[in-house]
K.L.:
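My questions will all concern the structure given below.
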Amino acid sequence: MGAMNDLFDAVDDTLTSVSLASATDLADFRHHARRLLGQHIAPAQVSWHCRDAPTLDLFANDPIEDHTRSTDNKVVLSPALVTVPADFLALCQTVILHSDPQRFGLLYRLLWRLAHEPGLRHDPLDADRMEAARLAHAVRRDMHKMKAFVRFRPLEDEVFRSQPLGGPLHMAWFEPQHHIVAAITPFFARRFSQMRWAILTPECSVHWDGARAQLGPGAHRDEAPPADAGEQLWLTYYQHIFNPARLKLKMMQKEMPRRYWHNLPEAQFISALSASAAERQVHMIQNLPSEPLRRIPAAPLAAKAVALGQLALAPDQRLTLSTLKAAAEKCRNCPIGQHATQAVCGEGPLFARLMVVGEQPGDQEDLHGRPFVGPAGQLFDRALAELGYLRSSMYVTNAVKHFKFEPRGRRRMHKTPSQSEAAACLHWLETEIELVKPSAVLALGATAASSVLGRRVAVLSERGQWLTRSDGLPVLVTLHPAALLRMPEQDQATAYAHWLTDLKQALELTDVTARRESSQQ
């Protein structure tokens with residue numbers, strides 16, 4: 001340190017004020033740092049501040065002094081070429097995101113010392129290096145917590161009301177400790193690329209429209225939407241999975257610090273659940289172990305017993321859609337039924353002219369027990385209304401009767417059924433066809449088309465064409481409405497118009513069939 005003091009004493013005591021463009025402008029910091037270093041201006045002689053900071057320091061209005069010229073206006077010094085370790089720039093990129101106002105001074109001091117103390121790069125226990133590492137760790141931790149604790153809520157904004165195909169805006173409120181919003185945006189853009197979202201913070205906000213992200217001004221917590229029904233479902237689930245025997249309060253507070261609690265919906269239960277943990281644990285120990293039960297008991301019948309509608313019926317009971325659904329609830333011929341809430345069979349009148357077959361229930365269908373009530377079903381209903389038809393006149397079902405999903409945090413993400421899973425469900429679909437006796441089938445998507453036709457179907461090349469099953473039933477194949485919702489926004493209007501043409505073909509055929517049969521009577 002004696003050499004460093006001599007080095008600082010060797011420079012004049014003129015204070016240089018540096019005004020950076022923003023709190024996270026690394027390029028501007030590097031520009032000034034290189035110039036200051038080339039002018040041999042020691043760290044103690046520099047005052048750093050940001051023009052976008054809410055409160056500037058004492059020297060905020062002082063212009064940066066130009067030490068590259070002497071009194072006769074001749075250049076006497078030029079910026080020095082300094083070699084620094086390869087990881088120093090990466091360290092600067094992270095540390096500059098910290099909220100500590102002294103971070104610029106620390107980074108410039110490290111740069112100065114690396115230029116004048118070659119041994120510094122081999123001293124991991126140096127106080128300045130350790131402080132920079134501490135700041136970098138805090139920034140990375142804040143970014144990790146933002147990934148973990150952002151909670152989106154759907155909002156039906158003006159864009160959704162005018163273009164419902166794009167889905168609602170998902171909005172979240174978060175309070176980061178550091179300037180990390182712009183740096184973390186690429187993660188959320190990759191993670192939620194198919195939905196519109198916005199993250200509001202006190203310092204700034206970021207909006208993703210499905211193609212690009214835009215930074216905006218800061219916001220207030222009241223601008224975020226309130227809790228919805230889906231959040232209440234998550235809170236109920238959170239309370240029921242709490243295990244008092246595994247509670248480690250200190251470890252939980254380390255991973256989920258209290259400063260985040262007021263923005264986490266589930267945090268409202270932490271205190272009450274923690275307080276009752278000891279009592280609940282004693283109660284668990286005193287009680288006998290319970291026998292594990294499935295949510296829906298497995299059916300004792302093999303698949304072949306129901307392959308042609310031959311269910312276990314009482315002598316005076318006949319096969320109906322109700323008995324079919326009751327048997328499907330207990331089906332465990334594939335693993336999907338073990339994790340779904342309930343089986344979702346079709347609905348509609350017997351002897352409907354048109355049977356519409358989709359792939360499988362989605363999240364909303366699984367919760368409500370009805371087919372086509374989620375976003376894809378809403379788009380289907382909208383198309384029928386535009387064509388002048390009622391959904392109640394047709395029978396709507398799915399090739400697979402249980403919801404296959406992949407949990408991602410609080411959300412259950414749709415996962416396409418495998419061929420073996422679709423095959424295990426085929427007898428339910430065939431029984432529905434036998435009961436309803438439709439005049440034609442509209443197959444939405446590859447899974448539905450393959451199940452109905454008994455072969456692999458290339459939807460894009462065979463869509464809009466009337467195909468025939470082995471039993472003579474006409475089948476028209478087209479896209480599933482969910483495929484339209486996943487398309488880029490610029491392609492949706494054209495694809496939707498083409499899809500309406502396919503639907504119109506199926507509906508018109510059933511109209512012709514109905515008129516023909518009516519004239520023959």
Side-chain angles (χ1 to χ4, degrees), residues 1-136 138-139 178-179:
M1 284 303 292
M4 280 302 300
N5 292 332
D6 293 341
L7 192 58
F8 289 165
D9 293 340
V11 300
D12 62 55
D13 57 358
T14 304
L15 189 63
T16 298
S17 178
V18 180
S19 178
L20 299 178
S22 74
T24 58
D25 194 337
L26 180 61
D28 198 27
F29 169 76
R30 292 176 66 190
H31 165 73
H32 288 299
R34 283 196 296 263
R35 183 162 66 164
L36 293 169
L37 191 64
Q39 296 166 2
H40 299 286
I41 299 178
Q45 305 306 123
V46 183
S47 171
W48 299 88
H49 54 265
C50 306
R51 290 196 291 272
D52 65 350
T55 304
L56 302 178
D57 65 18
L58 179 63
F59 308 97
N61 296 320
D62 294 346
I64 182 168
E65 299 181 16
D66 191 349
H67 289 258
T68 62
R69 299 183 181 275
S70 63
T71 56
D72 59 358
N73 207 35
K74 293 182 180 179
V75 177
V76 295
L77 290 174
S78 61
L81 181 63
V82 179
T83 302
V84 296
D87 60 351
F88 182 69
L89 179 58
L91 179 69
C92 291
Q93 290 174 329
T94 305
V95 172
I96 202 172
L97 303 179
H98 202 279
S99 57
D100 188 346
Q102 305 302 320
R103 63 193 182 281
F104 304 108
L106 172 64
L107 292 176
Y108 180 59
R109 187 163 66 247
L110 276 171
L111 178 63
W112 172 275
R113 293 184 60 198
L114 286 169
H116 295 89
E117 299 179 54
L120 177 62
R121 65 189 64 198
H122 306 299
D123 184 7
L125 299 181
D126 175 80
D128 284 342
R129 289 190 59 181
M130 292 180 66
E131 175 63 8
R134 184 188 69 81
L135 297 185
V139 169
H178 307 294
H179 310 290

K.L.:
Which pair of heavy atoms, one from His122 and one from Pro124, lies closest together, and at what distance?
P.N.:
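Nearest heavy atoms, His122 then Pro124: O-CD, 3.3 Å.
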K.L.:
Rounded to the nearest 0.5 Å, how far apart are CH2 of Trp112 and CD of Glu117?
P.N.:
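Between Trp112 CH2 and Glu117 CD, I get 10.5 Å after rounding to 0.5 Å.
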K.L.:
Listed by chain and number, what are the side chain to side chain donor-acceptor pair (under 3.5 Å) partners of Asp28, not counting sequence neighbours?
P.N.:
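For Asp28, the residues satisfying side chain to side chain donor-acceptor pair (under 3.5 Å) (neighbours in sequence not counted) are His32.
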K.L.:
Quick one: list whatever passes side chain to side chain donor-acceptor pair (under 3.5 Å) with Asp100, sequence neighbours left out.
P.N.:
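Partners of Asp100 under the side chain to side chain donor-acceptor pair (under 3.5 Å) test: none.
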K.L.:
Over all heavy atoms of both residues, which pair between Val95 and Arg103 is shortest? Give the atoms and the distance, please.
P.N.:
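Result for this residue pair: O-CD, 3.4 Å.
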K.L.:
A side-chain contact here means heavy atoms from C-beta on lying under 4.5 Å apart; do Leu120 and Leu110 qualify?
P.N.:
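Side chain of Leu120 against side chain of Leu110, heavy atoms only: contact under 4.5 Å found.
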K.L.:
Work out which heavy atom in Ser22 is nearest to a heavy atom in Cys50; give both atom names and the distance.
P.N.:
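Heavy atoms of Ser22 and Cys50 come nearest at O-SG, 3.8 Å.
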K.L.:
Of all heavy-atom pairs between Cys92 and Leu26, which one has the smallest distance, and what is that distance?
P.N.:
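In terms of heavy atoms, the two residues are closest at CB-CD1, 3.9 Å.
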K.L.:
With sequence neighbours excluded, give me every salt bridge (charged side-chain N to carboxylate O under 4.0 Å, His left out) pair touching residues 118-130.
P.N.:
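Checked against salt bridge (charged side-chain N to carboxylate O under 4.0 Å, His left out) - neighbours excluded - the pairs reaching residues 118-130 are Arg109-Asp128, Arg113-Asp126, Arg113-Asp128.
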K.L.:
For Arg30, give me all partners under side chain to side chain donor-acceptor pair (under 3.5 Å), at least two apart in sequence or on another chain.
P.N.:
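Scan of Arg30 (side chain to side chain donor-acceptor pair (under 3.5 Å), adjacent residues dropped) gives none.
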K.L.:
Using a 4.5 Å cut-off on heavy atoms from C-beta on, say whether the side chain of Phe88 contacts that of Leu111.
P.N.:
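A side-chain contact exists here, since the closest heavy-atom pair is under 4.5 Å.
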K.L.:
Roughly how far apart are Phe104 CZ and Leu20 CG, rounded to 0.5 Å?
P.N.:
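Between atom CZ of Phe104 and atom CG of Leu20 there are 5.0 Å.
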K.L.:
Please report the interatomic distance NE2(His179) to OG(Ser99), rounded to the nearest 0.5 Å.
P.N.:
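His179 atom NE2 to Ser99 atom OG measures 5.5 Å (nearest 0.5 Å).
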K.L.:
Rounded to the nearest 0.5 Å, how far does CD1 of Ile96 lie from CZ of Phe29?
P.N.:
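If we round to the nearest 0.5 Å, Phe29:CZ and Ile96:CD1 are 6.5 Å apart.
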K.L.:
Specify the closest pair of heavy atoms between Leu135 and Leu106, including all atoms of both residues, with the distance to one decimal.
P.N.:
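Shortest heavy-atom contact: CD1-CD2, 3.8 Å.
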K.L.:
When rounded to the nearest 0.5 angstrom, what distance separates CG in Leu107 from CD in Gln102?
P.N.:
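Rounded to the nearest 0.5 Å, the CG-CD separation comes out at 11.5 Å.
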K.L.:
In chain order, what residues pass the side chain to side chain donor-acceptor pair (under 3.5 Å) check against His98, with sequence neighbours excluded?
P.N.:
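Partners of His98 by the side chain to side chain donor-acceptor pair (under 3.5 Å) criterion come out as none, since no residue qualifies.
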K.L.:
Does His116 reach the side chain of Leu37, with side-chain heavy atoms less than 4.5 Å apart?
P.N.:
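They are in contact (side-chain heavy atoms under 4.5 Å apart), so the answer is yes.
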K.L.:
Heavy atoms only: give me the nearest Leu97-Gln93 pair and the separation to one decimal.
P.N.:
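What the structure gives for the nearest pair is CG-O, 3.6 Å.
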